[in-house]
Colleague: 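Below are the structure tokens for one structure; questions will follow.
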There are 2 protein chains.
Amino acid sequence: MAASSNMGLSRTSLTQQVAAQLVNYVREKGLKPGDSIPTTRSLAAKFGVNSATLREALRQLEATGGILLRHGSGIFVGPNLDRLLLANPTSPAVSMEMAIQLINARLAIEPQIAALAALNYSTDDLAVLSEALPVSRQPVTEGPRNLPSPNFHRALAAASRNVILFEIIDSILTAYRWEQHTIRVVFADRERDHQQHVSIFDAVSDRDPHRSALLTEAHLKDILGATLKAASSPSDTSPALVRD
Amino acid sequence: MAASSNMGLSRTSLTQQVAAQLVNYVREKGLKPGDSIPTTRSLAAKFGVNSATLREALRQLEATGGILLRHGSGIFVGPNLDRLLLANPTSPAVSMEMAIQLINARLAIEPQIAALAALNYSTDDLAVLSEALPVSRQPVTEGPRNLPSPNFHRALAAASRNVILFEIIDSILTAYRWEQHTIRVVFADRERDHQQHVSIFDAVSDRDPHRSALLTEAHLKDILGATLKAASSPSDTSPALVRD
DNA sequence: ATCATCCAGTGATCGGATCAATTTAGGGGG
DNA sequence: CCCCCTAAATTGATCCGATCACTGGATGAT
């Protein structure tokens, strides 16, 4: 049951494996918020890892909001179970469903962000935004190690001058990319994607909130449509492309 | 410099104190994404804690997306510095600014969520929503241990049938309550708050997305206005109230 | 100059020991 | 019989030191 030895390809750290196992445990047991989780000692024994390693996994899940650690009392499932279970996807089907929900979430939020960006952006923001513009035309720029070049949507959120909204979009995009590790969304018309970005940029720089919102909405609906089509017809000849 | 002994009231765990210290270190040093952070051993010595404790703090910050741990290479500041720095607020003034940004973020998102809820809710959702309705009238129900009674806005987000959006609202509300630990927002007209909730509920149950969005927007603008007024005039006679 | 190899630095994991907070079970007094 | 106070058991939190595993640069031969 344990068998966490580094057999073959073990790209992930033991700690994260343990965290994933714990999430699966909660999932399979059908535990609900408030339910208790076995003690640290028994968990460490169950997963066949050291207490320190288990502890790191616990902290990680606690930071995410998945579990609660109460000194002297025990370990409990956190209030927001979703956040815990979404940590590791179950099946590609679920992943696709998640991807669609992610796009729908963006569809609900980003038009407002575009409008706010049009109202609040500074000259610096505009510079960053225009700088992120040509990037979306590049095929798949394999940038430096771990510095993903700021893409258009992130820059747009930054221009809205609201840290919270930026954080939200950032986390959504991150989550989306994570989903893409499982399912690759085929995006046929890359040039069209870029053109839409340009038109959004123009609307924002014109300080036109209404037009910015509408164009952003249309853009995301386009992406949603492409994703839905890709969902019905599995990956065919066209290579999987990453888009932002 | 270390001095992490449990003097007086130390409600937070040592691990979290260390995490906070590390964040402050990054802040004061003015480190930017990609910059390297001292080694685990030196950090443990610097903060005067054991390596295991430091490690838990690191995992915690890593899970939040604040830092990057690379085996054999080093520790680095993560791509999203904001997420790191927002972990612990600096001053009440900043906190107030953050509270306003939080409300503005809700203002950008929740109307759309209300519209989606009007379109997508099921009978179960409606039941939960109506159940959460009378709660907002209660003064400050000190519920059981750690099960915050589902409040109206959370239920509304759940009715939108989009897990991502629910997560977003949930995190915003959580963050907001966290901010309230520092600054207490005075909300004068509690009855009005409740009436607005009721009218939103009616619009949603009528499957009227447009009206739902408009009412939600008005409701949040009300809250924003009250918060802004409280920001200008510091806490006076009226007791601080918690609202949702 | 090129490339394989080695080595120091650094994070990751381990094993057990000890401290601290919580809960629970008794025991004494009312 | 019930309540309060104390003590022990339970469980998470921290510590300590050691060892393993990955990376990157230095070393040296070709």
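Note on naming: letters A, B, ... go to the chains in the order of the sequence lines (proteins, then strands), and numbering restarts at 1 for each one.
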Colleague: Starting from P on C/dG11, measure out to CD on A/Q16 and report it in whole angstrom.
Modeller: 16 Å
Colleague: So which atom in A/I37 and which in A/L31 form the shortest heavy-atom distance, rounded to 0.1 Å?
Modeller: CG1-CD1, 4.3 Å
Colleague: Please confirm whether the shortest side-chain N or O distance from A/S51 to OP1 or OP2 of C/dC14 is below 4.0 Å.
Modeller: no
Colleague: Can you tell me how far C1' of D/dG17 sits from CG of B/L54, to the nearest Å?
Modeller: 16 Å
Colleague: Does the pair B/R161/B/D125 count as a salt bridge with the N-to-O cut at 4.0 Å?
Modeller: yes
Colleague: What integer distance in Å separates B/N50:CG from C/dC14:P?
Modeller: 16 Å
Colleague: Is the Lys NZ or Arg CZ of B/R70 less than 6.0 Å from the centre of B/F76's six-membered ring, within 45° of the axis?
Modeller: yes
Colleague: Rounded to the Å, how far apart are B/F47 CZ and D/dT14 C1'?
Modeller: 17 Å
Colleague: Counting only side-chain heavy atoms from C-beta out, which of C/dT13, C/dC14, D/dC15 sits nearest to B/V49?
Modeller: D/dC15
Colleague: To the nearest Å, how far apart are B/L14 CG and D/dT14 C1'?
Modeller: 7 Å
Colleague: Roughly, in whole Å, what's the span from CG in B/L68 to P in C/dG11?
Modeller: 13 Å
Colleague: Restricting both atoms to N or O, compile the protein contacts to nucleotides 7-12 of chain D shorter than 3.5 Å, with distance only.
Modeller:
residue, atom, partner, partner atom, Å
D/dG12, OP1, A/T40, N, 3.4
D/dG12, OP2, A/T40, N, 2.8
D/dG12, OP2, A/T40, OG1, 3.0
D/dG12, O4', A/G72, N, 3.4
D/dG12, N7, A/R41, NH1, 3.0
D/dG12, O6, A/R41, NH2, 3.1
D/dG12, N2, A/H71, NE2, 3.1
D/dG12, N3, A/H71, NE2, 3.2

Colleague: Between the side chains of A/E62 and A/R59, is the shortest nitrogen-to-carboxylate-oxygen separation below 4.0 Å, so that they form an ion pair?
Modeller: yes
Colleague: Got a sec, which residues hit salt bridge (charged side-chain N to carboxylate O under 4.0 Å, His left out) with A/E110, two or more places apart in sequence or on another chain?
Modeller: A/R106
Colleague: How long is the gap from CG on A/L165 to CG on B/L102, to the nearest 0.5 Å?
Modeller: 9.5 Å
